[in-house]
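Hydrogens, waters and symmetry mates are skipped; everything else that's a heavy atom, side chains included, is used. Please read all numbers here as calculations on a predicted model, not as lab measurements. We name chains A, B, ... by the order of the sequence lines, and we start the count at 1 in each one.
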Amino acid sequence: MQLTKDELIEAYRLMKTIREFEEQVHLEFSAGQIPGFVHLYAGEEACAVGVCTHLSREDSIASTHRGHGHCIAKGVDVHGMMAELFGRKTGLCGGKGGSMHVADLDLGMMGANGIVGGGPPLVCGAALAAKRQGKGNVAVAFVGDGGSNQGTTFESLNLAKIWNLPAIFVVENNGYAEATAASYSVGAESIAERGRGFGLPAVQVDGHDFLAVYEAAGEAIERARRGEGPSLLECRLNRFYGHFEGDAQTYRGEDEVKSLREDQDCLLRLSQEATASGEVDPAEFAAIDSEVEALIKDTVEAAKAAPQPDAEDLLTDVYVSY
Amino acid sequence: MQLTKDELIEAYRLMKTIREFEEQVHLEFSAGQIPGFVHLYAGEEACAVGVCTHLSREDSIASTHRGHGHCIAKGVDVHGMMAELFGRKTGLCGGKGGSMHVADLDLGMMGANGIVGGGPPLVCGAALAAKRQGKGNVAVAFVGDGGSNQGTTFESLNLAKIWNLPAIFVVENNGYAEATAASYSVGAESIAERGRGFGLPAVQVDGHDFLAVYEAAGEAIERARRGEGPSLLECRLNRFYGHFEGDAQTYRGEDEVKSLREDQDCLLRLSQEATASGEVDPAEFAAIDSEVEALIKDTVEAAKAAPQPDAEDLLTDVYVSY
Amino acid sequence: MARQITFQQAINEALDQEMARDERIVILGEDIVGGAGAPGEIDAWGGVMGVTKGLHGKYGDRLMDTPISESAFVGAAIGAAATGLRPVVELMFNDFMGVCFDQILNQAAKFRYMFGGKAETPVVIRTMIGAGVRAAAQHSQSLYSMFTHVPGLKCVVPSNPYDAKGLLIESIRDNDPVIFFEHKKLYRLEGDVPEESFTVPFGEAEIVREGGDVTIVTLAEMVHESTKAAEILQQEGLECEVIDLRTTSPLDEETILESVENTGRVVVVDEANPRCSMATDIAALVAGAGFSSLKAPVRMVTAPHTPVPFNDSLEDLYKPDANKIVAAVREVSEYQTWKTAASKS
Amino acid sequence: MARQITFQQAINEALDQEMARDERIVILGEDIVGGAGAPGEIDAWGGVMGVTKGLHGKYGDRLMDTPISESAFVGAAIGAAATGLRPVVELMFNDFMGVCFDQILNQAAKFRYMFGGKAETPVVIRTMIGAGVRAAAQHSQSLYSMFTHVPGLKCVVPSNPYDAKGLLIESIRDNDPVIFFEHKKLYRLEGDVPEESFTVPFGEAEIVREGGDVTIVTLAEMVHESTKAAEILQQEGLECEVIDLRTTSPLDEETILESVENTGRVVVVDEANPRCSMATDIAALVAGAGFSSLKAPVRMVTAPHTPVPFNDSLEDLYKPDANKIVAAVREVSEYQTWKTAASKS
Ligand SMILES: Cc1ncc(C[n+]2csc(CCOP(=O)(O)OP(=O)(O)O)c2C)c(N)n1
Ligand SMILES: Cc1ncc(C[n+]2csc(CCOP(=O)(O)OP(=O)(O)O)c2C)c(N)n1
Ligand SMILES: [Mg+2]
Ligand SMILES: [Mg+2]
């Protein structure tokens, strides 16, 4: 699987967009501008982008509470997303969803999900729909290491297997579920190993390595497109922020985040590799960086200027007569 | 693990008691004497007895909808059971439970269960209680091949593993969940294999072979008693009757049941082996057979003669003031 | 005379006609074909009650047996609904909602609202309710009140073959998640059902019997006990209006309130447990919007606040029946307020 | 003056005192210690709201962090309760009942009855309810009506620190499964709480404010909005009696009915969705046993029949508040029946 230079640059742009989006959300949340529960994806960008680069809008993904990265990687509009986080009428969900419920069904983005383990069953359904439609589409469930312990996830692995569904389960093992270490909560040798116990081809990759994720995801997705059934992909990676915005992170090691930022930054790694090999000029990355920064700044400003929902919106989008 | 002759005879007696209990229930149900949903254990006796022979009343078991065999193997009173199936006041649950809810907490029998997958979480709890009490007791969950697909079961395997609980998951793979073949519903190579994916020691044994079950269960239970954590034991066996009483069983192969009765009868196998080796005189088994037949006949007669619950019983054993 | 078929046949026919009409419909559930992977007959069961029997022969792999993984397959139906199919999923007994409730409560019910109207979830969950077959505490519950409590779900509780067919077709064509409750005691009930396809709209209760003295509001199997009670009471000169809700969400408030305006006296008959229930829901409606017409306390005839007992006679005591309904109607009809006493004198 | 602590501290103290008293108590839940297996601080969280913080230091492995496997660990708590322990389990948000409801609905709630009284299940499930913190549709529900519907469960809904402590201790000592609902907006509320151990009995509502004109029946956080409303109304010369249910199952019917006997006018205030709810439950009680005293329609002030929206102003609109309660009380107090009109003249 070879990436063209344009594809690589596009992947970098998406990863940078996620990073910048999250950094700005972090600031706005700290400033009290964004309400509710917010979980940032910064540090994990290579996974979402490495997987979603293989997908078209006819393919589906279901996400988690930590959903911004998956949305952006799937092509969801960042203005709509930012406005949604601010709860504005112009948000993707009209301000009724917020960070944990960003969705764009038209783009095959089935929603972030406030319920850990909520997505995998839904993805079995999307994969079933894809299979019946017969156009070679696939569906991807993103699951955390914590979510990998939920019964719904296990059931879905088995269902996808026995129905031979074009489903891919991408486990983002960032080492923690809230404050609990994956080494404590996952009894198996690895989550991939557990997947193999269910009869799924399963591999573990370094989730900081965009190219590694890209390649492993490509294989799993191609297998699914060929009608050869589901796979599990365990990406080992790290989150740069706390579980949610506001988390003091005392459960982490001293300097853990600092050293992650220095040594395990998937963006840095991708750009360094690409510039070291001479494939991309550093200036090109720098140009993307400023474009993206401007774009995200604009989303924040636009969101702040956007109108609140109308009072009547409380009663729309649901059957109500009482 | 060597069984003494007395132990072997006692095991045979229990197996025969289960068989005879089920045969009589089958007749009484067909005659319209027993109401409700009834699932018979006939054919699977070696499993319940092979496992429970290792247990004392301080050890716990949780059973399934097909629970009569587990009850008898755990020492539950057959008169109380039969009366319960008939819904009588003298039944173990005062007639309020029926076949699917026979329980005797005093004997560590935590109940048959009408919910597939209901038992494994409960067993994690009983195992936790045993662990905290520190007397080397264990808890055993019986699960069907169908129940092995329930999310609650998977979660329990992981929980038992990470908490290093003295829990044993005995999967009774009788090839069917209702009319659905295990070969269809279980995506993994085997249920034992799936258990290993969760990090549990797991073996598959011939569930018609009492001695094989006895031995494998003994190892798992001893491991748990020593504080070395949970295991999974997959017993491959067969049920002689339909899924429930009334099942026409058209999904089964022609003569499937007939040939099972001839070739895969765990009772026959045990008695033949024991008599062939000269360890037990056939007359001893014959004597047990008639004792057991008389006993079970008596349970039926006693149940029929027993009183119905009183109207007031409707409102007892639960908080009610409205 | 019109054609008579059973409640069960009516459901089968609705599924059949809709599947023929719309390719996107698939049916998922445990043994809804039956015999998957087994050596014997395929389509061996058609579901545990045989309701879907025969459809596999016509529609092949549009019906799929599932493992006992309710979260996964109910969730799959929901996910498929959000991405282009129109699944009908069978959750064998409504008691099993416990192992898959999240997908209904937090996924299906919430999508449309929380995604700002950008999602449709046309899924139907067929499930069995009801006591009366000695199936004991875990297979006899009537849990529709819990689903009715949840915004975003529609809840259907047919009492007869005609409604079963018409409401199921309506459910399948609806773009919201619908929970379709089938009372296990009704499957063999026969009734007139047109052969052609038709729908019964949501939110329209049926007045199954007119009467000006007391209003009986009820649903599902209890419609029949209520009608029986009304017949007994007619002998005594008491005319009951019996209202069959047909759907609990949406609820036809008007039909209830209009009837109460006439009668001023209400008995609600609900087989389920009493607290926070459909019975209290109707009673509260009447106590609010219907208060000015009320001439007597609202009486609820329900199961007691206990699980369902196994024993036959206890279970019979547990369930509301015509006798209990008769007693309740008499009580409210004999009730004299200061106001009614005054107006009579 | 008595000692003041927060609602959250009251819960922590109740757990602490009971754990010291009874070895059999264990606490299970996600991050109820926090930091299991992690390199940093142990007891890092004490639960997502810090409620159990500090207990690990005293009681060590009697507190156990769990994986995100609610069915397994809630079920384990239930199984342990049936075999000799007295577990308190934290289900982070009550919205997550969907992934573990079977163990509550069909196991814990049913054991005692369906085993003919031969089982006890002394388990407490602590869980968070309530809207108001912009947590959106899946983290803001108040689902106590579903649990109240289920026979075999007891349901506790404290509104203040004193009750939180006394009711939690009572819950832990009770031999039935208890669902203990903590409103997330109350954790920081301060109030007088004795240092020593004490219990508040189940099934005894509290009259938090006396008044003869209108009865307001309410629970949890809404007690405070109701009190606020009562204060506003007092300015207008309307005296409200505010009743805090404290437990919804068992329910203190007498206190409600006695109050209605005095006032004849009732407003029920419940933050949850309106259908088949605690609001309808109380309304139905009053429409039945309280009917003879009723002088006006029973008004329910509840959330609308929609999921909880994320946006601040929509969420504020969603929740009942003092203004809405004031309006409802005015409405029922101004209502004139033929009877009351007549009796005045
Ligand atoms: C069913 C359910 N249980 C618990 C939670 C609370 N919760 C939200 S995120 C989270 C941790 C998830 O960990 P993981 O799956 O590893 O994802 P990560 O946050 O690391 O991306 C928990 C426990 C929830 N939202 N849903
Ligand atoms: C949660 C749940 N789903 C479905 C059922 C209906 N049901 C009862 S037994 C059964 C089959 C169980 O198969 P298996 O676990 O293999 O046990 P066996 O009957 O073969 O002993 C099913 C589907 C149930 N009781 N509970
Ligand atoms: Mg994680
Ligand atoms: Mg089986």
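Judged by distance alone, the side chain of S69(D) and the main-chain N or O of N149(A) form a donor-acceptor pair under 3.5 Å. Side-chain N or O atoms of N311(D) include one that pairs as donor or acceptor with a backbone N or O of G87(A) at under 3.5 Å. Using modelled atom types, no side-chain atom of Y319(A) and backbone atom of T306(D) make a donor-acceptor pair closer than 3.5 Å.
The contact between N113(A) and chain D is made by backbone and side chain atoms together, counting heavy-atom distances below 4.5 Å. Residue contact with chain D, scored on non-hydrogen atoms closer than 4.5 Å, involves the backbone of L85(A) exclusively. Using a 4.5 Å cut-off between heavy atoms, E256(A) touches chain D through its side chain atoms alone. In this structure, no portion of F154(A) lies under 4.5 Å from any heavy atom of chain D. Heavy atoms closer than 4.5 Å to chain D are found in the side chain of S183(A), but not in its backbone. Residue contact with chain A, scored on non-hydrogen atoms closer than 4.5 Å, involves the side chain of M92(D) exclusively. Contact annotation for H139(D): only side-chain heavy atoms (C-beta onward) come within less than 4.5 Å of a heavy atom of chain A. At a 4.5 Å heavy-atom cutoff, the contact between D312(D) and chain A is made by side-chain atoms alone.
Remark: E70(D) CD to Q150(A) CD distance equals 5.0 Å, nearest 0.5 Å.
The shortest distance between side-chain heavy atoms of D31(D) and Y251(A) does not fall below 4.5 Å. At a threshold of 4.5 Å between non-hydrogen side-chain atoms, the residues F310(D) and H101(A) do not count as touching. Between I68(D) and S185(A), the closest side-chain pair of non-hydrogen atoms is not below 4.5 Å. In this structure, V318(A) and P307(D) have side chains that are in contact, with non-hydrogen atoms separated by less than 4.5 Å. Inter-residue side-chain proximity for Q138(D) and F37(A) is flagged as unmet; no heavy-atom pair is nearer than 4.5 Å. Using a 4.5 Å heavy-atom threshold, the side chains of T180(A) and P67(D) count as separate.
In plain terms, the two heavy atoms of A136(D) and G97(A) that are nearest each other are CB-O, 3.5 Å. Minimum heavy-atom separation, P35(A) to R134(D): CB-CG, 3.6 Å. The minimum heavy-atom distance between P39(D) and G253(A), with the atom names listed, is CG-N, 3.3 Å. Across all their heavy atoms, S313(D) and Q308(A) have their closest contact at OG-OE1, 3.9 Å. D313(A) and L314(D) make their closest contact through CB-CD1, 4.3 Å (heavy atoms, listed as atom of the first residue, atom of the second, distance). When all heavy atoms of F244(A) and V48(D) are compared, the closest pair comes out as CE2-CG2, 4.0 Å.
Counting non-hydrogen atoms of other residues, nucleotides and ligands closer than 6.0 Å to CD of E189(A) gives a total of 12 or fewer.
Ranked by non-hydrogen atom pairs under 4.5 Å with chain D, the options S99(A), G175(A), G95(A) are led by G95(A).
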